[in-house]
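What follows is a single structure, written as structure tokens, with notes after it.
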Amino acid sequence: MRVLVVGSGGREHALVWKLSQSPEVAKLYCAPGNGGIGELAELIDIGAEDVEALAEFAESKDIDLTVVGPESALAKGIVDLFEKRGLRIFGPSKAAAKLESSKAFAKNLMKKYRIPTGQFAIFDDPQAARAYVRQLGVPIVIKADGLCGGKGTIVAQTLSEALGAIDLLMEDRIFKQAGERIVVEERLVGEEVSILVITDGVTAVPLLPSQDHKRLHDADKGPNTGGMGAYAPAPIVDAMLLKQVMDQIIMPTIRAMASEDLSFKGVLYAGLMLTSEGPKVLEYNVRFGDPEAQAILPLLKSDVLPVLDETVEGRLSTVRLEWDSGSCVSVVLASGGYPGDFQIGKEIRGLDAAHQLPGVLVFHAGTKRDRNRYVSWGGRVLNVVGLGDTVDQSLKRVYEATATISFDGMQYRKDIGFRAVKKPVAT
Ligand code: AMP
Ligand code: GLY
């Protein structure tokens, strides 16, 4: 099969790496890809959102399957366009992608179908939003309706923070139309987990539960980022909890979408808060998580191609996934200044030494090949991955590997996976 992966981050490197091991893959392309992906796939210089050009390319190269990484391409309708042209593609339609591209749509769907989530109200008028926030009080959560690259949610601790967030989104329009409408939501308390499933609209196959680390600094301090690291499996999600999530959240969501004539194919990602009243949905994503994919895919023993392929065919019920019983931790190495303004073009040292360590993988996120070296080319630069029989072993490996790598301004969290580490039992 000739396969095209769309996107340029660590998630796409992990997908390309996994696909490159499939005996059924004859040729791999990635558009636009990054420095590291270029070692495994032919890079095509077309942006992920240039969906027309991607369709032209797929047609001209007889691509058998296209796999979409980022939500921006899905929200632009890449799946609808490919399907119209008779091209096979893994991912939801533009209308189904609204589960991620409109938080108001997602919240209304959950309310209609009684899927557990926080109480909320939706506003187009800043005046009404302010009155509601004053009435409810803090803490409270303000969310832009549209896609903001993970930066459109503000968990406000004070009234002035909440009112300021409404101003920034609705009056100053810092995220343009994405903030024209907002969701004001009850603040939920608990531990967060990511449950990703692959679904063809009827059957859902869960991937290993994982946890992301969204804040920049250790102990969940500092600003929100795209994600500073992830690990899988998350031991807090035992078989009973996973069953509860599948029965009360995942399957009802898939059935709800089908009832709305928006049959969902692809990856459905539920970001959950494990509250004292049970798991509740914080958000849906309609694609593999980044950095979750970098911690999940290395533990997948089965070939990934058949599961993607059977999803497109609507035959997912025939697929079983086999997983490694070990643990995987992925640590993001970011540029100095990220998630604010950051510098690029810094030489990356120590990659070869990291590769030589046992149980270590390195997925590139923002890098570029520059003659015989790599330079940083984005906010999140690399994902260092450690695999082991236990969380302790994968953590030891990932941080040993991280210590061999350096570039000017490099920053990373030293506590990825801390929630999974067994705490000493009090006697
Ligand atoms: P979202 O943009 O919905 O993905 O939210 C980003 C992050 O904000 C989540 O990962 C949570 O850490 C936090 N968050 C979102 N909604 C809530 C909520 N209702 N209560 C508490 N924290 C939230
Ligand atoms: N890890 C969060 C996301 O992929 O949006």
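Ligands are counted one by one from 1 in listed order, and the atoms in each one are counted from 1 as well.
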* Asked: Counting heavy atoms only, which part of Lys214 comes closer than 4.0 Å to ligand 1: side chain, backbone, both or neither?
  -> side chain

* Asked: Looking at the rings of Tyr374 and Phe407, which for Trp means the six-membered one, are their centres under 6.0 Å apart?
  -> no

* Asked: At a 4.0 angstrom heavy-atom cut-off, what protein residues surround ligand 2?
  -> Asp212, Tyr269, Asn285, Arg287, Gly289, Asp290, Pro291, Glu292

* Less than 4.0 Å between a side-chain N and a carboxylate O, is that true for Arg413 and Asp220? -> yes

* Asked: How does Leu282 reach ligand 1, if at all, at less than 4.0 Å between non-hydrogen atoms: by side chain, backbone, both, or neither?
  -> both

* Per atom 15 (C) of ligand 1, closest listed option by heavy atom (Glu100, Glu283, Lys143) -> Lys143

* Do Lys18 and Asp303 meet the salt-bridge criterion of a basic N to acidic O distance under 4.0 Å? -> no

* Asked: Using the ring of each side chain (for Trp, its six-membered ring), is Phe123 parallel, tilted or perpendicular to Tyr132, with breaks at 30° and 60°?
  -> tilted

* Hey, which atoms in ligand 1 end up nearer than 4.0 Å to a heavy atom of Met273? -> 21 (C), 22 (N)

* Among protein heavy atoms, which sits nearest to atom 8 (O) of ligand 1, and what does the distance come to when rounded to 0.1 Å? -> Thr153 CG2, 3.6 Å

* **Nearest-neighbour protein heavy atom for atom 14 (N) of ligand 1, which is reported as residue plus atom name and distance** => Val155 CG2, 4.0 Å

* Structure fact -> atom 12 (O) of ligand 1: closest protein heavy atom, distance to 0.1 Å, is Glu192 OE2, 2.4 Å

* Asked: Using 30° and 60° as the class limits, which term best fits the ring planes of His13 and His364: parallel, tilted or perpendicular?
  -> perpendicular

* Carboxylate-amine/guanidinium proximity below 4.0 Å for Lys143 and Glu283 -> no

* To do: Answer yes or no: are there more than 12 heavy-atom neighbours, outside Lys414 itself, under 6.0 Å from its atom NZ?
  => yes

* Asked: Heavy-atom distance under 4.5 Å between the side chains of Glu39 and Trp17, does that happen here?
  -> no

* Asked: Does Lys103, backbone or side chain, put an N or O under 3.5 Å from an N or O of ligand 1?
  -> yes

* **Test: Glu313 and Arg88 ion pair at under 4.0 Å** => yes

* Asked: Can you list the atoms of ligand 1 that are under 4.0 Å from a heavy atom of Glu185?
  -> 16 (N), 18 (C), 19 (N)

* Please identify each residue that fulfils side chain to side chain contact (heavy atoms under 4.5 Å, CB included) with Thr66, with sequence neighbours left out. => Leu4, Val6, Ala58, Ile63, Phe82, Ile89

* To do: Mind checking the CD1-CE spacing from Ile254 to Met246? Nearest 0.5 Å is all I need.
  => 6.5 Å

* Structure fact -> Residue, atom and distance of the protein heavy atom nearest atom 20 (N) of ligand 1 read Leu188 N, 2.7 Å

